[in-house]
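Let me begin by presenting the structure, written as structure tokens, before commenting on it.
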Amino acid sequence: MSRTWKTTILAAPAVAGALLAAGLTGMAQAAGGSPDPVGHELWASATIEPGRSGIVHVGGYEGAPLGAGSVLTLTAPAGARVTGMPFAAAGFRGTVAVGGASASYAFDGTAATAWHGRTFPFVLTVAPDAEPGTRLPDCTLALRDAKGTVHQRGGCAVTVGLPAPTLSRPPSGVALGSAPETSGTAYPGAQVTVVDALEQEVCSATAAPDGTWSCVPGVALPAGPGLLQATATLNGVSATSEQIAITVAG
């Protein structure tokens, strides 16, 4: 079985998502009379933060050649909508349904293998109130010929990502004590862990309902220059802040 996928996140860290297949058994009659297994699956996946946009790249078709009038359709998962169709190759035309519940690429060219070896991007925007770590259901794919016969089906796995935490204290550029307060913001309820340059845990906390968090190292930090970074985790997904440089007074 051929499986091709690619994930791109817009204005957010790219995090690998799990894959979901939604194939159907049976056979569809391909163009020219040759059988084409519907059980072969199209694939796509993405991890997208609440209220943000990301691209799912649909690929994996290796079936019978499909000519002019063939159409690839993505039905958006619950909690997201299609907001863009950035693919602009010759012979292909993208259309987003009113409200973004679905979108399609139609092929009007002459190449017999137009759908082979390509990936087709669909921009999805996730609802602002989506819960990080959840898998949005009912994202489906279908590739049909000009007569409307399905030649291949599949599914896309869209996982709600976690916004990156911030690490605002301690400040950089000033001499610090050996156990400085560390604080910032993160998604409410996320577990935040602060590590040093050697990825050793410095301290941890849970983000409050207003998104703030703070913790104090349980062990004195070594004197001299160092780095700190915060990682937030919730429902199996995580995100990491930028590193900050610190100096601990000797």
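Source: prediction; values computed, not measured. Count residues from 1 along the sequence. For the numbers below, each heavy atom of this structure counts, side chains included, while hydrogens, waters and symmetry mates do not.
Proximity of T83 to F122: side-chain heavy atoms (C-beta onward) are nowhere separated by under 4.5 Å. When side chains are defined from C-beta on, I48 does not count as touching V160, because their heavy atoms never get closer than 4.5 Å. At a threshold of 4.5 Å between non-hydrogen side-chain atoms, the residues L124 and P77 count as touching. Side chains of I244 and L227 form no contact here, defined as non-hydrogen atoms less than 4.5 Å apart. The shortest distance between side-chain heavy atoms of H151 and L66 falls below 4.5 Å. Contact of the T47 side chain with the V158 side chain is not registered, since no non-hydrogen atoms from C-beta on lie closer than 4.5 Å. Side-chain contact between N235 and E131 is present, with at least one heavy-atom pair separated by less than 4.5 Å.
Closest approach of T206 to G189, counting heavy atoms only: CG2-O, 3.8 Å. When all heavy atoms are compared, the tightest approach of G94 to Y105 is CA-CD2, 3.8 Å. Considering all non-hydrogen atoms of both residues, L234 and P188 come closest at CD2-O, 4.3 Å. T231 approaches S238 most closely through the heavy-atom pair CG2-CB, 4.2 Å.
Under 3.5 Å, the side chains of Q229 and S241 contain no donor-acceptor pair of N or O atoms. Using a 3.5 Å distance cut-off with no hydrogens or angles, the side chains of S53 and T125 do pair a donor with an acceptor.
Of the candidates F87, F120, Y61, F120 is the only one forming a ring pair (Phe, Tyr, Trp, His ring centres under 6.0 Å) with W115.
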With a 3.5 Å cut-off and sequence neighbours excluded, list the donor-acceptor pairs that the side chains of residues 197-204 form with protein atoms.
none

Extract all donor-acceptor atom pairs below 3.5 Å that involve side chains of residues 163-174 and protein atoms in other chains or at least two apart in sequence.
residue: T166; atom: OG1; partner: T185; partner atom: N; Å: 2.9
residue: T166; atom: OG1; partner: T185; partner atom: OG1; Å: 2.6
residue: S168; atom: OG; partner: S183; partner atom: O; Å: 3.3
residue: S172; atom: OG; partner: A245; partner atom: O; Å: 2.7

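In terms of the side-chain hydrogen bond (donor to acceptor under 3.5 Å, both in side chains) criterion, E181 has no residue partners (sequence neighbours excluded). For S214, there are no side-chain hydrogen bond (donor to acceptor under 3.5 Å, both in side chains) partners, not counting sequence neighbours. Checked against ring-ring contact (aromatic ring centres under 6.0 Å, His included), Y187 has no partners two or more places apart in sequence or in another chain. Partners of T247 by side-chain hydrogen bond (donor to acceptor under 3.5 Å, both in side chains), not counting sequence neighbours: none found.
With hydrogens and angles ignored, the 3.5 Å screen pairs no side-chain donor or acceptor of H116 with any backbone N or O of G60.
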